[in-house]
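Note on naming: letters A, B, ... go to the chains in the order of the sequence lines (proteins, then strands), and numbering restarts at 1 for each one.
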Protein chains: 2
Amino acid sequence: MNNCNSIADLKRAFHIELPTIEAALQEEIAQLPPPIQPVARHVLEAGGKRLRPMLTILTARALGSSATNGLYTTAVALEFLHSATLIHDDILDNAATRRGRPAAHTVFGLTSAILAGDALLAHANAIMARTGLPALTACAAQAILATASGEIEEIAALQAPHLSQEDYLRIITGKTAYLIQAACEAGALLAHAPAAALEAARTYGLGLGIAFQLIDDALDYSGSATTLGKPHGGDLREGKRTLPLLLFLESLPAAHRHHLTDRIQRRALSEADQAVLLAQVARGGFVQATVATAQHHVEKALAALVHFPSSMERDLLHALAHFVLQREQ
Amino acid sequence: MNNCNSIADLKRAFHIELPTIEAALQEEIAQLPPPIQPVARHVLEAGGKRLRPMLTILTARALGSSATNGLYTTAVALEFLHSATLIHDDILDNAATRRGRPAAHTVFGLTSAILAGDALLAHANAIMARTGLPALTACAAQAILATASGEIEEIAALQAPHLSQEDYLRIITGKTAYLIQAACEAGALLAHAPAAALEAARTYGLGLGIAFQLIDDALDYSGSATTLGKPHGGDLREGKRTLPLLLFLESLPAAHRHHLTDRIQRRALSEADQAVLLAQVARGGFVQATVATAQHHVEKALAALVHFPSSMERDLLHALAHFVLQREQ
């Protein structure tokens, strides 16, 4: 399959599906209790790629679901879960903005933001319950548990003197990949897929999710077309050791590594120090090594797709995995 | 039925059930992701009356459930939901303590507390999913939505110039009564109760829940045996207009009412002013009027119990409603 063509197909598929996804989203927001609606609108109408709903739709269709009834609402439930984690995340990170808009807690206050997050989690579960498939509820619950757990581990890791690549992978799997896995699993469950295909959907989603976060972490050091190659450096500034930095630290002699780790953790680096460090990480091949790790997880994801019957949607999932590797924002 | 005897029976029933409830609680805590467990233990092991699990157990048995499989775990899921709302509440209220212990967010930090709350909500849903009854998931989801919505309304009400008794009732129904209703509904669903009994269980829980919060709000003005009759006055201090205060305010001439409301909202009352106001509310009969309103809701709850078959558990639910009216803490 030609990747360029298939990515064009993928963009077309998003273009076709998005209006229906947005309509389902509006319908579900309108069903929230009135005091929750403004917060939900603020967050959900700020945009976002709708990657998770799209994964649910493509997986369900690839595995033979012809039902549209419940498909879009379940897909949208995944976006509700994702948004709930973003609202709570922005509180945790004390973030001022999200997707170019002021973060919900800065507009509506801490209280409303925490409660709206809870309400979005609950509404996603209400949607799952409507399908009459308890496995869908279980799938969503496990994803939320893993996300919360991954985020708590990530915060604990800020203080840990040593962070291994395994620790890092476990953290990003929890905080990002399980929800993407759940999006694919939800599609397979809606399609009443047989066990092997269900497992393949999970494996695809997991690999895709890990790769997605790895590329995110790589872009923070490499910059992108939109930033004209200037790295954002937010992770370093926050004292987060993601894979590019971990690999760089591992390349240093122990004494230097410990000293630098300590300064990163204490956020004791000046802006100039940070700029030097960012350049060292980028030039040392550690961004490429991170992308190569992402590539490895994309390959695992693609290998799982052989258990899917051949279809247009399977090709689109294939293209999506390639797109994750190539994305620049 | 003699109320004194039946309340003794109720205490005996709690005494008998509590060890099994606690064991199920421990079993579920052990299944949480490791980073969540310390926060969950801190909150769930601080005690609490286990009112909600007990309601699930009594309702299920009263409606003919002989299954113990899934009964205690589902009952415990209600305690998880309750604890999750308490953790998030304490953040919102900036509370320093809960049940005599430091509040979770003061021990584990804001981040871990928010995430642990999310994890407890998710784990409760995972338990619901295990039962294979989507209606249970829907019931839990609706309760969380209503709780979050009620709390957001309560916060908005702090700024509202006028708060009606209807507003107040809607707020306490949301923030407290729906979860208690859900505990009873969950029991009825586990017992596969017919529609009329299911509806009766909901009505019982709703009336009980509203009465529970009304008594809470009355005790804040009247004090209790443990406080030697000294009112706590926390609601007034926080600028919250609960029913005793609303009724007092409604008894005042408009100009005086507006002036006082404004000072309460701005928290501009000195300690001495507060003491005077607390005494006025208590002596003016507004605490009794609040208890009378609670009594009215307990009667609605009791009326619903006629749709339950006669049983020991129905008698205990009857006693529990009386106990709520008589409780002093």
Side-chain angles (χ1 to χ4, degrees), chain A residues 31-39 81 84-85 87-89 91-94 108-156 174-175, chain B residues 31-39 81 84-85 87-89 91-94 108-156 174-175:
Chain A
Q31 287 181 38
L32 288 169
I36 312 284
Q37 290 188 23
V39 195
L81 292 179
T85 65
I87 296 175
H88 285 180
D89 258 19
I91 298 171
L92 315 180
D93 294 343
N94 211 0
F108 300 96
L110 179 66
T111 299
S112 292
I114 292 180
L115 293 169
D118 292 357
L120 293 186
L121 290 180
H123 192 65
N125 279 306
I127 293 175
M128 300 303 190
R130 262 189 252 152
T131 64
L133 297 171
L136 260 181
T137 305
C139 154
Q142 291 312 323
I144 294 299
L145 277 166
T147 307
S149 175
E151 285 171 357
I152 290 187
E153 275 203 83
E154 184 175 41
I155 290 148
K175 75 166 192 168
Chain B
Q31 287 180 40
L32 289 168
I36 312 284
Q37 291 188 22
V39 195
L81 292 179
T85 65
I87 296 176
H88 285 179
D89 259 18
I91 298 171
L92 315 180
D93 295 343
N94 211 359
F108 300 96
L110 178 66
T111 298
S112 292
I114 293 180
L115 294 169
D118 293 356
L120 293 185
L121 290 180
H123 192 65
N125 280 307
I127 293 174
M128 300 303 191
R130 263 188 253 154
T131 64
L133 297 170
L136 261 180
T137 304
C139 154
Q142 290 312 322
I144 294 297
L145 276 166
T147 307
S149 174
E151 285 171 357
I152 290 187
E153 275 203 83
E154 185 175 41
I155 291 149
K175 76 167 190 166

Chemist: Looking at B:Pro34, B:Pro38, B:Pro35, B:Pro33, which hits side-chain contact (heavy atoms from CB on, under 4.5 Å) with A:Ile152?
Modeler: B:Pro35
Chemist: Of all of B:Thr85, B:Ile144, B:Asp118, which one pairs up most often with chain A through heavy atoms under 4.5 Å apart?
Modeler: B:Asp118
Chemist: Count the heavy-atom pairs under 4.5 Å between each of B:Ala129, B:Gly117, B:Cys139 and chain A, then report the option with the highest count.
Modeler: B:Ala129
Chemist: Where does B:Leu121 contact chain A at under 4.5 Å (heavy atoms): side chain, backbone, both or neither?
Modeler: side chain
Chemist: Using non-hydrogen atoms and a 4.5 Å limit, figure out which bit of B:Leu120 sits close to chain A: side chain, backbone, both or neither.
Modeler: neither
Chemist: Counting only non-hydrogen atoms closer than 4.5 Å, does A:Gln142 touch chain B with its backbone (N, CA, C, O), its side chain (CB onward), both, or neither?
Modeler: side chain
Chemist: Using heavy-atom distances under 4.5 Å, tell me whether A:Ile127 contacts chain B through its side chain, its backbone, both, or neither.
Modeler: neither
Chemist: Could you give the distance from OG1 (B:Thr137) to CZ (A:Arg130), rounded to the nearest 0.5 Å?
Modeler: 13.0 Å
Chemist: Any idea which heavy atoms bring A:Leu133 and B:Pro134 closest together, and the distance?
Modeler: N-CG, 4.4 Å
Chemist: Run the side-chain contact (heavy atoms from CB on, under 4.5 Å) test against A:Thr111 and tell me which residues pass, sequence neighbours left out.
Modeler: A:Leu115, B:Leu92, B:Ile155
Chemist: In terms of heavy-atom pairs under 4.5 Å with chain B, which of A:Ile91, A:Ile114, A:Val39 leads?
Modeler: A:Ile114
Chemist: Could you grab the distance from atom NE2 of B:His88 to atom CG of A:Leu110, nearest 0.5 Å is fine?
Modeler: 10.0 Å
Chemist: Where is the tightest heavy-atom contact between B:Leu145 and A:Ala119, given as atom of each residue plus distance?
Modeler: CD2-O, 3.3 Å
